[in-house]
Amino acid sequence: MDSRADPSKPHESELSAMFRPPVNRAMRVLDRSFFRKVIPISAATVLKTSDISRVRNELLRSRDLLAVPRLNPIRVAQGDNPDQKKCVLLREGVKHDDPATWSPTINQLLEKGTVGLGPYDLEMDYDYWTYADIIQSVLPEDDLGEIPVGYTQVGHVAHLNLREQYLPHKHLIAEILKDKNKSVRTVINKTEDVGSHSVFRTFPFELLAGDNDLNVVVHEQDCEFHFDYARVYWNSRLETEHRRLVDKFREGDMVCDVMAGVGPFAVPAGKKKIFVWANDLNPHGYEVMVDAVKRNKVDKFVTPFNMDGREFIQKSAKDLLAEGPVTVTVEPKAKRQKKTEDGKGAVPPPEPVEYVRPTTFDHYVMNLPATAIEFLDAFVGVYAGHEDQFAPHTSRSLPMVHVYCFSGNSDNELDDHIDICKRISEHIGYTITPDDKVGGSGNQDLELAIHNVRLVSPNKQMFCASFRLPKDVAFKKV
């Protein structure tokens, strides 16, 4: 799991004050030993081992059992206990030396000689408490309204985006986060926005805790990617979106992934026997994608490129037409031969499957939300002079374009859709409106759909606008 914690949820400790960690709001360097705490409670020592389960269940029903999250209430009894008898920890209101605090269930167990009551020193330490528990005990009280718990995990790297009020505590926060998440070895904090210093959508960051190693291994949609997180763009929160779009492609389709990154759309699509020409401007992203194609054995279906996106849109359409259809044969996976039902012969193995790569694209993916819409002018005239490749001359339709973009987070989402359609229209020279959506009152040939991907910030929403490339755009003479 790569994205952890929901900062919108409250983070009040589940523990009563008695079982919360010691408080030190002046701590700046993590002192794990500070959090050791001994809590005096009472316990019921079970005199016969065979009675332990029954006693526990009876005390649970009577609500006398100590109910503290992640804490086993059955322990070895303390004190002079040569037989190592077991005891059951009791809730904090029960006093072993005050019968007035005993419930009828406790009284019955004592009268029957099933248990004996005595003191118990419960030791709790840093390892017991959660990240939220420890953070609430070290941050200033003024900062406890919204505890910094949200982060993104990419491989072994936890990526924080701390607000200004938490920066004085950033190293403390990072150390605790690393301790409490065993799969995290490195914690970084983003210091400026994505893309602020690089067209490759990388971001400046600072190492807060752990190994100075950002070479990660990431798994998504049954695919494995190896890359240096400092040199490429990757967002684990987009896994659902990657899957949603790939599920729209059909086996044997031809996809043009214009801003492919390291291949989160392209490589999983290749695994589904979908042809993809995948391009990225970042040389390191291209190298990672080449590695991912080989590593995930999709080289028959996915071809990486390293070009400018606008140039790639025009050139790839021409090159694909020029190369003509290409047949790819997929051999069935070798399996032990099965015998026929009568046991006299062998069932013949499955036949190889042939896939013919189309000469025009079925889909374009443009996952560069900050600027992808600005690249849409490259579609003007992209198939000019090749009208005979499409319906009604053939069974081929003009491609669907899936362009990612940002817009506001309006109270009325229609306002955002109007904004997106207006910007698309300006760049393709053809008017698209929200009425053109599937089932709407507009141009149904466009098959418009605007999908809300995720909220990036309170005033910034990420969308994916999908539409069928209009004939007046694709065939325009330029």
Side-chain angles (χ1 to χ4, degrees), residues 1-15 19-24 27-37 39 67-75 122-139 144 146-162 166-167 169-190 203 205-230 232 234-240 262 264 295:
M1 183 168 60
D2 290 311
S3 295
R4 309 298 172 103
D6 182 350
S8 66
K9 292 182 180 178
H11 293 281
E12 287 296 322
S13 176
E14 302 174 32
L15 306 174
F19 298 99
R20 291 178 191 171
V23 173
N24 182 351
M27 187 178 290
R28 291 295 179 270
V29 177
L30 182 60
D31 178 5
R32 296 170 182 83
S33 64
F34 172 80
F35 297 97
R36 182 180 177 276
K37 184 176 184 180
I39 304 166
V68 176
R70 308 177 313 282
L71 194 145
N72 185 356
I74 299 177
R75 302 290 181 96
L122 177 63
E123 184 174 324
M124 304 179 81
D125 60 18
Y126 177 80
D127 290 339
Y128 167 77
W129 284 294
T130 66
Y131 169 83
D133 292 331
I134 299 293
I135 284 292
Q136 289 182 64
S137 72
V138 296
L139 288 186
L144 292 180
E146 194 172 323
I147 294 172
V149 293
Y151 68 97
T152 298
Q153 188 169 339
V154 181
H156 65 270
V157 176
H159 165 205
L160 291 166
N161 188 10
L162 290 174
Y166 299 119
L167 293 180
H169 319 282
K170 59 188 179 183
H171 293 287
L172 189 62
I173 292 168
E175 284 289 347
I176 298 167
L177 178 62
K178 182 171 71 71
D179 285 346
K180 299 301 177 180
N181 296 274
K182 299 307 178 186
S183 60
V184 170
R185 288 195 287 110
T186 302
V187 184
I188 62 173
N189 181 48
K190 184 171 72 174
F203 56 87
F205 65 89
E206 57 183 337
L207 175 68
L208 296 184
D211 302 335
N212 187 9
D213 174 17
L214 270 68
N215 289 297
V216 299
V217 178
V218 173
H219 295 89
E220 187 173 294
Q221 297 188 71
D222 299 322
C223 298
E224 183 172 289
F225 301 87
H226 293 232
F227 54 85
D228 181 347
Y229 187 40
V232 302
W234 181 275
N235 190 333
S236 299
R237 291 191 172 104
L238 293 176
E239 179 174 3
T240 299
V262 301
R295 186 180 298 279

Kindly write out the residues that satisfy ring-ring contact (aromatic ring centres under 6.0 Å, His included) with [X], not counting sequence neighbours, or none if the list is empty.
{"X": "F19", "result": "none"}
{"X": "F35", "result": "Y126"}
{"X": "F205", "result": "none"}

Who pairs with [X] by salt bridge (charged side-chain N to carboxylate O under 4.0 Å, His left out), at least two apart in sequence or on another chain?
{"X": "D228", "answer": "none"}
{"X": "D179", "answer": "R32"}
{"X": "R28", "answer": "none"}
{"X": "K170", "answer": "E206"}

Sequence neighbours excluded, which residues qualify as side-chain contact (heavy atoms from CB on, under 4.5 Å) partners of A209?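 In terms of side-chain contact (heavy atoms from CB on, under 4.5 Å), with neighbours along the sequence ignored, A209 is linked to A174, E175, K178, V187.
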Apply side-chain hydrogen bond (donor to acceptor under 3.5 Å, both in side chains) to R75 and list each qualifying residue two or more places apart in sequence or on a separate chain.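 In terms of side-chain hydrogen bond (donor to acceptor under 3.5 Å, both in side chains), with neighbours along the sequence ignored, R75 is linked to no residue.
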Could I get the full list of side-chain hydrogen bond (donor to acceptor under 3.5 Å, both in side chains) partners for H156, not counting sequence neighbours?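 Only R185 meet the side-chain hydrogen bond (donor to acceptor under 3.5 Å, both in side chains) criterion with H156.
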Is it the case that the ring center of W234 lies less than 6.0 angstrom away from the ring center of F227?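 They qualify: ring centres under 6.0 Å apart.
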For Y128, does its backbone N or O pair with a side-chain atom of R70 as donor and acceptor, under 3.5 Å?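 Yes, R70 side chain to Y128 backbone: donor-acceptor pair under 3.5 Å.
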Salt-bridge test for E123 and R36: reply yes if a basic N is under 4.0 Å from a carboxylate O, no otherwise.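 So E123 pairs with R36 through a salt bridge.
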